[in-house]
Amino acid sequence: MLTIPDTRVVYAIGPDAAPAATCRPGDLVEFETKDCFGNQIEKECDLFENVGWSTINPATGPLYVEGAVPGDTLKVTVENIEVRPYGVMVAVPKLGAFGHLIKESSTRIVPVHGGQAHFSPSISFPLDPMIGVIGTAPAFEAVLCGTPGPHGGNMDTRHIRKGASVYLPVSVPGALLCIGDLHAVMADGEVVVCGVEVSGKVSVRIDVLKSIVLPCPVVEDAENTYFLSSAEDLDEASNQVLEAALYHIMSRTGMALEEVAMLLSLTGHLEISQIVDPLRTARLRIPAPVGKKLGIRLSPER
Ligand code: CA
Ligand code: ZN
């Protein structure tokens, strides 16, 4: 299997980065990833403020996919995620939903073993490893790895886990896929500004859907199809993702706008991925049985 080592990282996802590796559609590729702090926090006395800003939010890549050209969609299926035996959390003044209340910066090391993240001696959580940053290069300007957008990026969406497929736009030849920022577990919202941040290894199957353009990044698993959109605030992100799904379903089904609008009111579950990144990410979840009836499932085999 092709492996991209975590020495090949970028801090922005852009069209001009030199590829770290090249693959063909159908290939399995392993990305070794650093955590979002560039692996610089190892002890509880290591504070977020002391992390070098220039080495925060690294993503591994980019991966050049042969035959992928603008106007295609890249399908990235997460085959496996391995995480290291400890994770890092921080609470930092002025960051996240509680930043105005947090007086002092603190760090917590969370042991990760036995299938659990051990937050404290009495509180532990089943691991649910996910990918925070996954994106393709935008056509023109590079986007910092900490920011989500139409290219994917730091979407911090917990459904990007083993078994899910992520559909991203191909905006430059080769797509230039980057992956980083694994979390051993995280809740919707990511309210304190992080999950259990870990380094690790992700193996993904790469496919190219020719001449298919989606209105926004899409994640699909056996249970649901998720449309994702990021904007300055959640209202805007919600409106964007709703309109993207509305027009997408209209074009796939030929149904009238009003009818799709009603349907989305019944079966389009509006959810929050994260509220702590430079742009907020809203998510529209459409259950697979509905997606199948509408013919919008991207992986019709499941
Ligand atoms: Ca993140
Ligand atoms: Zn993270």
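This is a predicted model, so every value here is computed, not measured. We count ligands from 1, going down the list as the structure has it; atoms in each ligand are counted the same way. The chain is numbered in sequence order, starting from 1.
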At a threshold of 2.8 Å, where the distance has to be below it, does the Zn ion (ligand 2) have an N, O or S atom of Cys36 nearby? no
So, is Asn154 placed with an N/O/S atom under 3.0 Å from the Ca ion (ligand 1), counting both backbone and side chain? yes
I'd like the atom name of the N/O/S atom in Asp181 lying closest to the Ca ion (ligand 1). OD2
Step through it carefully: locate the ring centre of His118, locate the ring centre of Phe125, and say whether they are under 6.0 Å apart. no
Can you check side chain to side chain contact (heavy atoms under 4.5 Å, CB included) on Val133 and Cys178, steps first, answer last? CA-CA 8 Å; Val133 172; Cys178 299; 5.7 Å; no
Any N/O/S atom, backbone or side chain, of Asp156 lying under 3.0 Å from the Ca ion (ligand 1)? yes
When you draw lines from the Zn ion (ligand 2) to OD1 of Asp181 and to OE2 of Glu197, what angle lies between them, to the nearest 10°? 140°
Using the side chain to side chain donor-acceptor pair (under 3.5 Å) definition, which of the options Thr281, Asp188, Asp156 pairs with Gln274? Thr281
Paired with Asp128, the side chain to side chain donor-acceptor pair (under 3.5 Å) test is passed by just one of Arg161, Lys162, His183, namely Arg161
Determine whether Asp72 and Lys210 satisfy the following criterion, salt bridge (charged side-chain N to carboxylate O under 4.0 Å, His left out), listing intermediate values before the conclusion. CA-CA 5 Å; Asp72 296 340; Lys210 298 305 288 181; 2.6 Å; yes
